Amino acid sequence: MPRPPAASRQRAHWGAANVIFVVGAQKLVPSLEVARERVYQHSLKLEDARAQAAYGQHSSVGMILEIHQELPGRIHIVLIRQSVGY
């Protein structure tokens, strides 16, 4: 089967038509650099302790999602004013 032209492949959208992120407001930081630092210096430490207690093994950062461009109206963010997650 022939592949569609490259421009068509780049416009392909995968997954759900709408995406909703429910996020604790404590995760808002002033820059992408600070966000990455927070993942490694704050969240990973807490998740590693939880994983060791629950499973007897360390945790690691496998993926970090950055969204640079998306269809208007597809992604929705619900900010929770209390701490949710790490």
Side-chain angles (χ1 to χ4, degrees):
M1 171 184 277
R3 293 180 67 174
S8 297
R9 289 194 309 268
Q10 291 174 354
R11 290 190 201 117
H13 297 283
W14 305 99
N18 291 291
V19 178
I20 301 170
F21 290 102
V22 179
V23 181
Q26 85 278 6
K27 293 184 179 89
L28 295 179
V29 294
S31 70
L32 190 55
E33 180 182 333
V34 174
R36 287 185 185 124
E37 182 179 318
R38 186 180 190 284
V39 167
Y40 288 96
Q41 299 303 317
H42 176 75
S43 302
L44 179 57
K45 288 179 181 180
L46 295 172
E47 172 56 21
D48 187 63
R50 187 203 67 79
Q52 284 185 359
Y55 311 116
Q57 62 185 24
H58 290 282
S59 190
S60 65
V61 176
M63 293 183 204
I64 296 177
L65 173 66
E66 292 181 22
I67 301 170
H68 295 272
Q69 183 177 353
E70 187 50 85
L71 292 174
R74 179 171 183 241
I75 295 179
H76 307 275
I77 299 173
V78 177
L79 286 176
I80 306 297
R81 291 185 184 189
Q82 56 186 315
S83 281
V84 178
Y86 303 131

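Position 1 is the first residue of the sequence; numbering continues from there. Values in this document were obtained by computation on a predicted structure and should not be read as measured data. In what follows, every heavy atom counts, from backbone to side chain, and hydrogens, waters and symmetry copies are set aside.
- Using a 4.5 Å cut-off between side-chain heavy atoms of Ile, Leu, Val, Met, Phe, Trp and Tyr, with links allowed through other members, Leu44 and Ile64 fall into the same hydrophobic cluster.
- Evaluation of the salt bridge (charged side-chain N to carboxylate O under 4.0 Å, His left out) test over residues 15-25, restricted to residues two or more places apart or in two chains, returns none.
- Surrounding CD1 of Ile77 are at most 12 heavy atoms belonging to other residues, nucleotides or ligands under 6.0 Å away.
- The hydrophobic side chain of Met63 is isolated, with no ILVMFWY side chain under 4.5 Å apart from it.
- In the hydrophobic clustering of this structure, Ile67 groups with Val19; members are Ile, Leu, Val, Met, Phe, Trp, Tyr whose side-chain heavy atoms approach within less than 4.5 Å, directly or through other members.
- Taking CG from Asn18 and CD1 from Ile75, the interatomic distance works out to 10.0 Å, rounded to the nearest 0.5 Å.
- Distance CZ/Phe21 to CG/Leu65: 5.5 Å, rounded to 0.5 Å.
- For the pair Gln26 (side chain) and Val84 (backbone), a donor-acceptor distance under 3.5 Å is present.
- Applying the side-chain contact (heavy atoms from CB on, under 4.5 Å) criterion to Leu28, with sequence neighbours excluded, gives Leu79.
- Across all non-hydrogen atoms, the minimal contact from Ala16 to Arg74 is O-NH2, 2.6 Å.
- Within the structure, the salt bridge (charged side-chain N to carboxylate O under 4.0 Å, His left out) test picks out the following pairs touching residues 46-56 (sequence neighbours left out): Glu47-Arg50.
- Evaluation of the side-chain contact (heavy atoms from CB on, under 4.5 Å) rule for Gln41 yields Glu37, Lys45 as partners, not counting sequence neighbours.
- For residues 59-69, the side-chain hydrogen bond (donor to acceptor under 3.5 Å, both in side chains) pairs, not counting sequence neighbours, are Arg36-Glu66, Glu66-His68.
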